[in-house]
Amino acid sequence: MILLESLVMDVSWILDDLNDPQRAAVTAPLGPLRVLAGAGSGKTRVLTRRIAWLLAVENASPWSILAVTFTNKAAAEMRSRVEAMLDQPLGGLWVGTFHGIAHRLLRQHWQEARLPRAFQILDSDDQTRLLKRVLRDLNVDEKKWPPLAAAGFINRCKDEMQRPANVLDDGTPAQRQNQRIYATYQQECERSGLVDFGELLLRAYELWRDHPNLLTHYQERFQHVLVDEFQDTNTIQYQWVRLLSGNPCDVFIVGDDDQCVYGWRGSKVENIQKFSDDFPGAQTIRLEQNYRSTGVILKAANALIANNTGRLGKNLWTNAGDGDPVQIYAAFNETDEARFVVERIRQWVETGGQRRETAILYRSNAQSRIFEEILVGAAMPYRIYGGLRFFERAEIKDALAYLRLVANRDDDPSFERVVNTPPRGIGGRTLDLLRDTARAESCSLWQATSRLLGGKALSSRAAHAVRRFLDLVEALDRDSQDQPLPERVSHVIAYSGLQTMYAEDKADKGEMRAENLDELINVSARFIAHCDPVITGADPAEPDWLNTFLAHAALESGERQAGAGEDCVQLMTLHMAKGLEFSLVFLVGWEEGLFPHNRSAAQERQLEEERRLAYVGITRARQRVYLCHAEQRRWYGKETQQNPSRFVREVPEALTQDVRARVNAKLRPKAPPALSPAAAMAAGGLQLRQRVHHAKFGEGVVLAIEGEGYHTRAQIHFPAAGGPKWLVVAYTKLDRL
DNA sequence: CGCTGCACAGATAGT
DNA sequence: CTGTGCAGCG
C-alpha cells in the first residue's frame, strides 16, 4: 500500500504525522467504515485527512462529498481545515449540521416538500409559545399539560419519524391528548409556514422518501458521506444517512460511544453499535492512543467509565507520563468553590500559564453566575459560552418577528408577538376575536384581520389600531424592499417603533436592549459580508437575503465572537466542552443531585449518560484536573446540604489527592470559636477604600468587604504583593493607615 | 386597554 | 432568586 502510494504521488502531507490506525482509517478503501475514536485520539484530524485523501488520491470532486457535524462551529472548523490543507476554497463541498443541510435541501426543493417558499424556522422558544396558544385553543389546562411537556412529546415523535397519524394509540388518555395536541400544533405550523427543528429533519427525510428521482440525484451526487460524532445521531438522522447512502456507498463515520451525551434529544448510542449490521461489509477501526492527557487523567477517566455497561469497549492509552494526581477539593459552599478555582487560576497565570488554557466546566448554566461574580472581583478576564444567546434576546426576537412578517404575513407566532409591541391599543379582547376568526375560517391571523376589517365586527377604535398595524407591516415591506439587508433591518427597527420603545424604556435594561437592536444591524451586515450562499442554502444566483438571514438567526445560536482573541478563562457546560481541550480543567459542582442531576439519577440509562458526561469532562484535560464539590449550596434561594457526587468516588483513590482546605476550613460554621472583641472591632472597623498595612504584603487598599462578624472577609489590593487578595479579617493583623 | 403589583412556579443539556 | 401569569385599578 505504502509502496503504491509513493509510486503514484507524494501523499506525505496527508499521512506524515499519523499513527498506524489513523493512517489505516484515512487510506481505507471506499466503503462503509466505522472509526471508534476515543477522547483525544485525533478524531478530527482523521476526518479532515480523509477528506483530503478523497480529493487528492481518490480523485473525488468536492461536489461529491458531504460531511455532517453536530455544531455549526465544528462544521466551520472542518471546512477551513480542509481548505487550508489543500490551499484552495472548496465551494462544492457540503459541510454542515444535520439541521443546516436539511434546511438547505428544503429551501432548494420547497415545492416538492410542500412548503411555502418563504417558510420560517421555529426555535424552541417559538415552539413553546405556539404550543401555549394551541393548548389554550384546545381548552387544555396549562397546569396539567405544561407546554414544555407537550413540546417534548412532539419532538420525540419527530425524532422517531412519527407523524400525528401514526402515533401509537396505547389507549391511555395522556397519549390521546398528546396526539391531539401534536396534530393541532402541526396544522398551525402548516398554516403559518413554520418548521421546527425536528420538522427540518423529518421533512428532508420525507422529501427524499417521496421523491425517488430526487433521492437518486443526491445519491449519485454524494458518493462520499462522512459523519462526525455519530454516537449522537438520533433515529431520523440515522435513517437519513441510510437513505442517502445508496449501494454501493462510501460512508465514513467517526464516533465514541463513551461520549454519547445527547440521549435527552433522542440520540441513540445504539446507532453506532448497529452500524455494522445496517451497512454490510462495514469495517471498524479503533483509535486508542491518546495524545492529549497525562496517564493519571486517562486512568481516572477509564476507571470511571468502566462503571457503564454495554460499551463497545476500548482501551485508551498514552505514551505520556503519569503526571499530577487528580485534585479533589471539598468546598464549604459555592462561593468558596469559586474562590478556590479562581485562586488556582491566578497561580497558574502567575507561573506563566495562559488563561485560555484553563476551563471551568459545569453541569448547568445556572452555575456560571457565581464564577462570573468572583472572576469580576478578581479582575480576571473570562468568557462564558452558552447561556442566553444573542438571537434569543427578547428585543432581538421582536425585531426578527417584524422581519418575519415582512417575509411571510402568515407567520402567526410573529404576528402575535408584535401586534401590540410597541403598544398600539390592541388588547386581549381584540386579539381573541382575531384568533377566533382565524380558527373559524382556517386562515392565518393576518388574513383573519384583513377580513374582519372589511366587516363590522370590530369596534371602530380596535379596527383603527389593527389597521395601523397591518399598514405598518405593509409599509415596512414596501419601503425597504429594494434596500440591502442591513438597511432593511435598520429600517424595520426604526419604523416599527421598537427602537424608540426600548430607548425610552428607562427601566433596568432598556438602554442595553436598544444597543442590541443596533447590534442586530451590524450582525446582518457582517452576515452579508461573510456569508457563503452555497453553505447557507441560498440560491447563489439571486439570494433571498432576508430569508437566508432569518434562517441563520434560527439555526445559528449566535454567540458573539467579540473577545475571542483575548486571553480568557473559558466557562461552559460539560456538553459544550465536548471536542475541546484545555491544559487545566476545573470540574465543578460534583454533587449528588446536581451531577448526576436529580432527574437522571433514578434511571440507569440516564445515569450512564451522566457518567459519560463526567468522562467527557475529565478527558478534556491535558495536564491537570480538579474535581470540586461544595458541602452547602444555595439552590432556589435556599441553602441545601450537598453530598459529593458518586462520580468522585468512582475515581480510584490512588489517582487522587485531596486539596487541604486551609483558609477555607476556618470558614466552616462548625463550632466557630467565639469572636474575640478585638477581632470584632477589627472586622467592624474596616472601611472601603481604606488604606491598610499588612506585615507580609505591605501597603494595600480595601476593595470589598463581605460577610459579618467572624466571617468578615475583605478584598485588599496589595501592589507590592501583585494584586488583590481576600483575607479573613478576624485572622489578619492589619494596621490602618 | 395598559400598567402595576403580587403570587406562584420553576431550572439539565442545545440544533 | 427570577420570569411569568393574573387580578385589579387608573
Side-chain angles (χ1 to χ4, degrees), chain A residues 68-75 96-103 121-129 132 136 142-143 146-149 151-152 155 158-159 195-201 229 232-234 236-237 260-267 361-370 385-389 391-392 394 420-432 459 461-462 464-465 505 507-509 551-559 572-578 589 593-601 606-607 609-610 612-613 616-617 633-639:
Chain A
V68 191
T69 61
F70 268 79
T71 64
N72 295 299
K73 202 170 143 198
T97 62
F98 278 107
H99 292 87
I101 290 164
H103 170 246
I121 299 170
L122 282 182
D123 67 20
S124 6
D125 182 51
D126 301 329
Q127 186 186 38
T128 314
R129 282 166 166 273
K132 275 186 184 171
R136 262 203 308 274
E142 260 189 48
K143 301 268 154 59
L148 271 170
N155 294 335
K158 292 191 177 184
D159 285 348
V195 169
D196 61 41
F197 288 135
E199 187 73 16
L200 281 172
L201 301 177
E229 308 273 22
D232 286 326
T233 53
N234 60 29
I236 186 147
Q237 289 162 338
C260 171
V261 291
Y262 285 96
W264 51 276
R265 209 166 70 189
S267 79
L361 308 180
Y362 34 78
R363 178 66 176 89
S364 66
N365 276 313
Q367 287 169 258
S368 67
R369 225 190 145 103
I370 183 71
Y385 295 79
L388 186 61
R389 283 158 301 215
F391 289 120
E392 288 168 358
N420 201 35
T421 314
R424 49 175 71 87
I426 301 169
R429 303 282 302 236
T430 310
L431 213 48
D432 280 342
S459 72
R461 199 170 133 185
H464 180 70
D505 178 8
D508 41 341
K509 293 167 189 160
H552 168 82
L555 285 173
E556 190 86 44
S557 40
E559 95 188 0
M572 67 192 81
T573 62
L574 287 163
H575 281 89
M576 284 201 81
K578 189 149 71 83
L594 196 59
F595 186 46
H597 194 269
N598 263 334
R599 287 173 60 172
S600 304
Q606 288 180 43
L607 181 65
E609 178 156 323
E610 297 281 283
R612 290 194 288 268
L613 206 46
V616 167
R633 183 175 293 271
R634 223 185 156 85
W635 204 236
Y636 279 93
K638 67 169 187 277
E639 297 291 340

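Chain identifiers are assigned alphabetically (A, B, ...) following the order of the sequence lines, protein sequences preceding nucleic acid strands; residue numbering begins at 1 within each chain. Note that the structure is a prediction, hence the values are computed from the model and not measured.
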Base, sugar-phosphate or nothing for [X]? Non-hydrogen atoms, less than 4.0 Å.
X        : result
A/Phe595 : nothing
A/Ile121 : nothing
A/Asp125 : nothing
A/Ser124 : base
A/Lys132 : sugar-phosphate

Send over the distance from [X] [atom1] to [N] [atom2], rounded to a whole Å.
X        : N      : atom1 : atom2 : result
A/Arg612 : B/dA13 : CZ    : C1'   : 13 Å
A/Ile426 : B/dC1  : CD1   : P     : 10 Å
A/Tyr385 : B/dG14 : OH    : P     : 14 Å
A/Glu609 : B/dA13 : CD    : P     : 13 Å
A/Leu122 : B/dG14 : CG    : P     : 20 Å
A/Phe70  : B/dA13 : CZ    : P     : 19 Å
A/Leu431 : B/dG2  : CG    : C1'   : 14 Å
A/Tyr362 : B/dA13 : OH    : C1'   : 12 Å

Can you figure out which of [options] approaches the side chain of [X] most closely?
X        : options               : result
A/Phe197 : B/dG14, B/dT15, B/dG2 : B/dT15
A/His99  : B/dC3, B/dT15, B/dG14 : B/dT15
A/Trp264 : B/dG2, B/dA13, B/dT15 : B/dA13
A/Met576 : B/dG14, B/dC1, B/dG2  : B/dG14
A/Arg634 : B/dT15, C/dC1, B/dC1  : C/dC1
A/Leu148 : B/dC1, B/dG14, B/dA11 : B/dA11

Any sub-3.5 Å donor-acceptor pair from [X]'s side-chain atoms to [Y]'s backbone N or O?
X        : Y        : value
A/Gln237 : A/Phe98  : no
A/Glu556 : A/Ala553 : no
A/Asn155 : A/Gly152 : no
A/His575 : A/Val261 : yes

Does [X] put a side-chain nitrogen or oxygen below 4.0 Å from OP1 or OP2 of [N]?
X        : N      : answer
A/Asn598 : B/dA11 : no
A/Arg369 : C/dT2  : yes
A/Thr71  : B/dT15 : no

> Taking for each residue the nucleotide of DNA chain B with the nearest heavy atom, is it A/Arg461 or A/Asn365 whose nucleotide lies nearer the 5' end?
Replying inline: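 Mapping each residue to its closest nucleotide by heavy atoms, the 5'-most match is A/Arg461.
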> How far apart are the closest heavy atoms of A/Gly263 and A/Ser267, and which atoms are they?
Replying inline: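 Distance-wise, the nearest heavy atoms are N-OG, 3.3 Å.
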> Between A/Asp232 and A/Lys578, is there a salt bridge with N-O shorter than 4.0 Å?
Replying inline: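 Looking at A/Lys578 and A/Asp232, the cut-off is met.
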>> Could you tell me how far C/dT4 sits from B/dA13 if I compare only their C1' atoms? Round to whole Å.
In response: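 Nearest-Å result for B/dA13 against C/dT4 at atom C1': 23 Å.
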> Planes under 30° and centres closer than 5.5 Å, is that true for A/Tyr262 with the base of B/dA13?
Replying inline: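 No, A/Tyr262 does not stack on the base of B/dA13.
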